Asker: 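I'd like to ask some things about the structure below.
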Amino acid sequence: MVVRVVRLGTPRDPDEGPRIGTVRRPPRGVLKSQYAKENWYDVWFPNLAPSPATMKLGQSADTEAGWANFKRKYRGEMARPDAAHAIELLASLSHSTNFSIGCYCEDEARCHRSVLRGLLHSAGAKLA
């Protein structure tokens, strides 16, 4: 049993389990009834997405210092009680069921999901 960190909209692994979208907005131009069928996500969970202001920092980060600033801000948001509890819950679930979390970004290294992967690891999650 593990949690996978994926790009939303990509083909699923056969044993991936439910896909959780940790994004601020649903996919554009896709009917709600098609989110799961088109491999976007089964459950929308914006609680673990960066705030709009922090997301803009990440999108405009064109230097290592800018990216470090985004990561610091996002980690601060994820340290808030509601987000921290959600991360603990997902880490615990990863020991008993398969599921995935994801975002739309093409490059995980420059996406909040890379930071979220580290936070889940620190919380004791079993990661693929």
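Here the structure is a predicted model, which means the values were calculated and not measured. Nothing fancy with the numbering, it's 1 onward along the sequence.
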Asker: Could you check if a side-chain atom of Leu120 sits within less than 4.5 angstrom of a side-chain atom of Ile101, using non-hydrogen atoms only?
Answerer: yes
Asker: Kindly write out the residues that satisfy salt bridge (charged side-chain N to carboxylate O under 4.0 Å, His left out) with Asp15, not counting sequence neighbours, or none if the list is empty.
Answerer: Arg4
Asker: Side chains of Val2 and Asn98: does their closest heavy-atom pair fall under 4.5 Å?
Answerer: yes
Asker: How many angstroms lie between atom OG1 of Thr22 and atom OH of Tyr104, to the nearest 0.5 angstrom?
Answerer: 9.5 Å
Asker: Side chain of Thr97, backbone of Leu93: donor and acceptor closer than 3.5 Å?
Answerer: no
Asker: Whether Asp42 and Lys37 form a salt bridge (side-chain N of Lys/Arg under 4.0 Å from carboxylate O of Asp/Glu) is what I want to check.
Answerer: no
Asker: Around Lys73, counting heavy atoms of other residues, nucleotides and ligands shown, do more than 12 lie under 6.0 Å from its NZ?
Answerer: no
Asker: Flag the pair Pro81 / His85 as yes when at least one side-chain heavy-atom distance between them is below 4.5 Å, and no otherwise.
Answerer: yes
Asker: Are the side chain of Glu77 and the backbone of Ser51 linked by a donor-acceptor contact shorter than 3.5 Å?
Answerer: yes
Asker: Does a donor on one side chain and an acceptor on the other come within less than 3.5 Å for Ser114 and Glu108?
Answerer: no
Asker: Check for me, please, whether Ile87 and Phe99 land in the same ILVMFWY cluster - side-chain distances under 4.5 Å, paths through other members count.
Answerer: yes
Asker: At their closest point, which heavy atom of Trp40 faces which heavy atom of Gln34, and how far apart are they?
Answerer: CD1-O, 4.3 Å
Asker: Honestly curious: do Tyr74 and Val5 fall in one hydrophobic cluster under the side-chain, below-4.5 Å linking rule?
Answerer: yes
Asker: Would you name the heavy atoms of Tyr35 and Val30 that are closest together and state the gap between them?
Answerer: CE2-O, 3.3 Å
Asker: Can you sort out the partners of Asn47 under side chain to side chain donor-acceptor pair (under 3.5 Å), two or more places apart, ordered by chain and number?
Answerer: none
Asker: Return the CZ to OG distance between Arg113 and Ser100, rounded to the nearest 0.5 Å.
Answerer: 11.0 Å
Asker: Under 6.0 Å from the NE2 atom of His121, do we count more than 12 heavy atoms belonging to anything else shown?
Answerer: no
Asker: So if you build clusters from Ile, Leu, Val, Met, Phe, Trp, Tyr with side-chain heavy-atom gaps below 4.5 Å, do Val6 and Phe45 land together?
Answerer: no
Asker: Are Thr54 and Gln59 side-chain neighbours, meaning at least one heavy-atom pair lies under 4.5 Å?
Answerer: no
Asker: Looking at every non-hydrogen atom in both residues, tell me the closest pair between Ala84 and Ala79 and how far apart they are.
Answerer: CB-O, 4.1 Å
Asker: Okay, side chain of Arg19, backbone of Asn39: is any donor-acceptor separation there less than 3.5 Å?
Answerer: yes
Asker: Restricting to non-hydrogen atoms, name the atom on Tyr41 and the atom on Leu8 that form the minimum distance, rounded to 0.1 Å.
Answerer: CD2-CD1, 4.0 Å
Asker: Assigning hydrophobic clusters by single linkage (Ile, Leu, Val, Met, Phe, Trp, Tyr; side-chain heavy-atom cutoff under 4.5 Å), is Leu119 placed with Val3?
Answerer: yes
Asker: Is the closest side-chain heavy-atom distance between Cys105 and Arg7 below 4.5 Å?
Answerer: no
Asker: Identify the heavy atoms of Arg24 and Trp44 that sit nearest to each other, and give their distance.
Answerer: O-CZ2, 3.2 Å
Asker: Any side-chain heavy atom of Cys103 sitting closer than 4.5 Å to one from His112?
Answerer: yes
Asker: Looking only at non-hydrogen atoms, find the nearest pair between Ala83 and Leu48 and report the distance.
Answerer: O-CD2, 3.9 Å
Asker: Looking at residues at least two apart in the chain, or sitting in another chain, which of them share a side chain to side chain contact (heavy atoms under 4.5 Å, CB included) with Arg110?
Answerer: Ala61, Glu64, Trp67, Asp107
Asker: What distance do Met55 atom CE and Cys111 atom SG have between them, rounded to the nearest 0.5 Å?
Answerer: 10.5 Å
Asker: Consider only side-chain heavy atoms of I, L, V, M, F, W and Y, link residues closer than 4.5 Å, and tell whether Met1 and Val43 are in one cluster.
Answerer: no
